[in-house]
Protein chains: 2
Amino acid sequence: MESDTICMGELIRSRKSLKRGQTLYREGEPFRSLYAVRSGFFKSNLQLEDGREQVTGFHMTGELIGMDGIDSGAYTSSATSLEDSEVCEVSYGHFVNLSEDVHCLLPRFHRLMSREILRVHGMMLLLGSMMAEERLAVFLLDLSQRYRINGYSASEFILRMSRDEISSYLGLRLETVSRAFSKLQSDGLIDVHHRQIRIRDISRLKRHHRSG
Amino acid sequence: MESDTICMGELIRSRKSLKRGQTLYREGEPFRSLYAVRSGFFKSNLQLEDGREQVTGFHMTGELIGMDGIDSGAYTSSATSLEDSEVCEVSYGHFVNLSEDVHCLLPRFHRLMSREILRVHGMMLLLGSMMAEERLAVFLLDLSQRYRINGYSASEFILRMSRDEISSYLGLRLETVSRAFSKLQSDGLIDVHHRQIRIRDISRLKRHHRSG
DNA sequence: CGGCGTTTTGATTTTATTCAAGCGGCGTGG
DNA sequence: CCACGCCGCTTGAATAAAATCAAAACGCCG
């Protein structure tokens, strides 16, 4: 095997650009690579035979996707870009080989997988025990925090996904999501104009998600 | 570091027995170990400040739990035995060291983490887009399959968990779960007597979960 | 300006929750 | 051994929440 730096180079070299709406990988395709989002925005979703769809996640810069393919060797979800995006393709085989030599990789990878488990456990809590408005409030707060982490405004941002995609992710119907947006606005917690969101009162929005 | 065999010995030596109702680890405790279930039955659950609880999983022989602690270094869920159980404690530190030498460990571990991600994505689908009876049908089919894998009957088994724990897991109320059990029974799909379950018509139960 | 896709809003129905009561097995103590 | 009370579960009736069906508003693009 070659030197670390070359391998490291290989690892991060293969970039891909995707136009809005393009699919990065599809449910059932053989799993070869993980993808680190460099810029842009993605959704992951599952399909049920009868046509029902479940959006399982939204992913932005700095996040790693494709880990669901490791178990069976085929992706179990599809990933689609919601705006022009760039990813870094990481060959899983290369990664495993490389991590034998480069010590710091493995713990980081494990933490990323663990974090995905946490996230989805949190989604179970949301889907299992929160009401519509609370779900939306938690969703907006989560987005807000992730934008902040990436250096964007935490209080003002543009939704990259449609109401329909939000509704699937939150286990609601499109109309219910729309009503919840309207309610949060009329309560003075947020401003909504189409996909433009402004959080007016973040602490009250957080409290919303306790007291219903 | 000592020889592989000694480490391997260490890795699997530390067994723990738990009586029914005992807690293996609690949300917030520092993360040190993963646990492989050797026998018995566990539940994992999250707590919300306001008292709401979400059961995030049920775990039986052969399954690995505790992976949610890797990211932050503290467990983010609690694990409780639902019957007298035995686990094998696996020090995460030891495991990582050992996996540098013993090649086969890492892929297996990654697959187990990946599998947990799959499982919970599936739960998102269930919680996000299925109705009460369908959720219960899917739950029973999943249990059935896991019992089969472990060499038990797939068509007759005893539930280790209460109606309340099932309802939390399925994002429903206890009463709704009870009604769903009764409905599946009156439809001739299953027999229920308290916690004793018999699946009468597995293929129809599977279809139930398509057509509602 | 007109048409299209997306979103919002309204009225109604369906589904699950809530509240309340009853059942039934099980263990305890008389 | 039986009666009692408790706990977990089931069932019923009323209520609340979200889904569904339907229509109107809005922004976008040609």
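Chain A is the first sequence line, chain B the second, and so forth, proteins listed ahead of strands; every chain is numbered from 1.
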Identify the pairs formed between an N or O of the protein and an N or O of nucleotides 19-23 of chain D at a distance under 3.5 Å, and give each distance.
| from | atom 1 | to | atom 2 | distance (Å) |
| --- | --- | --- | --- | --- |
| dA19(D) | OP2 | R173(A) | N | 3.1 |
| dA19(D) | OP2 | T176(A) | OG1 | 2.4 |
| dT20(D) | OP2 | R173(A) | NE | 3.3 |
| dT20(D) | OP2 | R173(A) | NH1 | 2.6 |
| dT20(D) | O4 | R179(A) | NH2 | 2.8 |
| dC21(D) | N4 | E175(A) | OE2 | 3.1 |

Between protein and nucleotides 24-28 of chain C, what N or O pairs are separated by less than 3.5 Å?
none

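Regarding R163(A), its CZ atom lies at a distance of 10 Å from the P atom of dT9(C), rounded to whole Å. Between the CZ atom of R195(A) and the P atom of dC28(D) there is a distance of 11 Å, given to the nearest Å. The separation between H193(A) atom NE2 and dC26(D) atom P is 13 Å, rounded to whole Å. The distance from atom CZ of R52(B) to atom P of dT17(C) is 14 Å, rounded to the nearest whole Å. The CD1 atom of I166(B) sits 8 Å away from the P atom of dC9(D) (whole-angstrom rounding). With rounding to whole Å, F181(A) atom CZ is found 12 Å from dT9(C) atom P. Between the C1' atom of dC9(D) and the CG atom of L184(B) lies a distance of 16 Å, rounded to the nearest Å. A straight line from CE of M161(A) to P of dT6(C) spans 16 Å, rounded to a whole angstrom.
Ionic pairing of E134(A) and R52(B) is present here: one or more N-O contacts between side-chain nitrogen and carboxylate oxygen are shorter than 4.0 angstrom. Looking at R20(B) and E83(B), no side-chain N of the basic residue comes within less than 4.0 Å of a carboxylate O on the acidic one, giving no salt bridge.
A side-chain donor from one of H208(B) and E133(B) sits under 3.5 Å from a side-chain acceptor of the other. A donor-acceptor pair shorter than 3.5 Å can be found between the side chains of T76(B) and D68(B). S44(A) and H59(A) are linked by a side-chain donor-acceptor pair at a separation below 3.5 angstrom, with hydrogens and angles left out of the test.
Among R135(A), K43(A), M123(A), the single residue meeting the side-chain contact (heavy atoms from CB on, under 4.5 Å) criterion with Y169(A) is M123(A).
Within 4.0 Å of R135(B), counting heavy atoms only, lies no atom of the nucleic acid at all. Looking at heavy-atom distances under 4.0 Å, S178(B) makes contact with a base.
For M131(B), the side-chain atoms get nearest to dA16(C) when compared with the rest of dA18(D), dT8(C), dA16(C).
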What's the verdict on side-chain contact (heavy atoms from CB on, under 4.5 Å) for M60(A) and V37(A), showing C-alpha distance, side-chain angles and the deciding distance? CA-CA 6 Å; M60(A) 46 200 284; V37(A) 181; 5.6 Å; no
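Remark: R163(A) is positioned above the aromatic ring of F181(A), its terminal NZ or CZ atom under 6.0 angstrom from the ring centre and at most 45 degrees off the axis.
When the side-chain hydrogen bond (donor to acceptor under 3.5 Å, both in side chains) test is applied to Y147(A), the partners found at least two apart in sequence or on another chain are R160(A).
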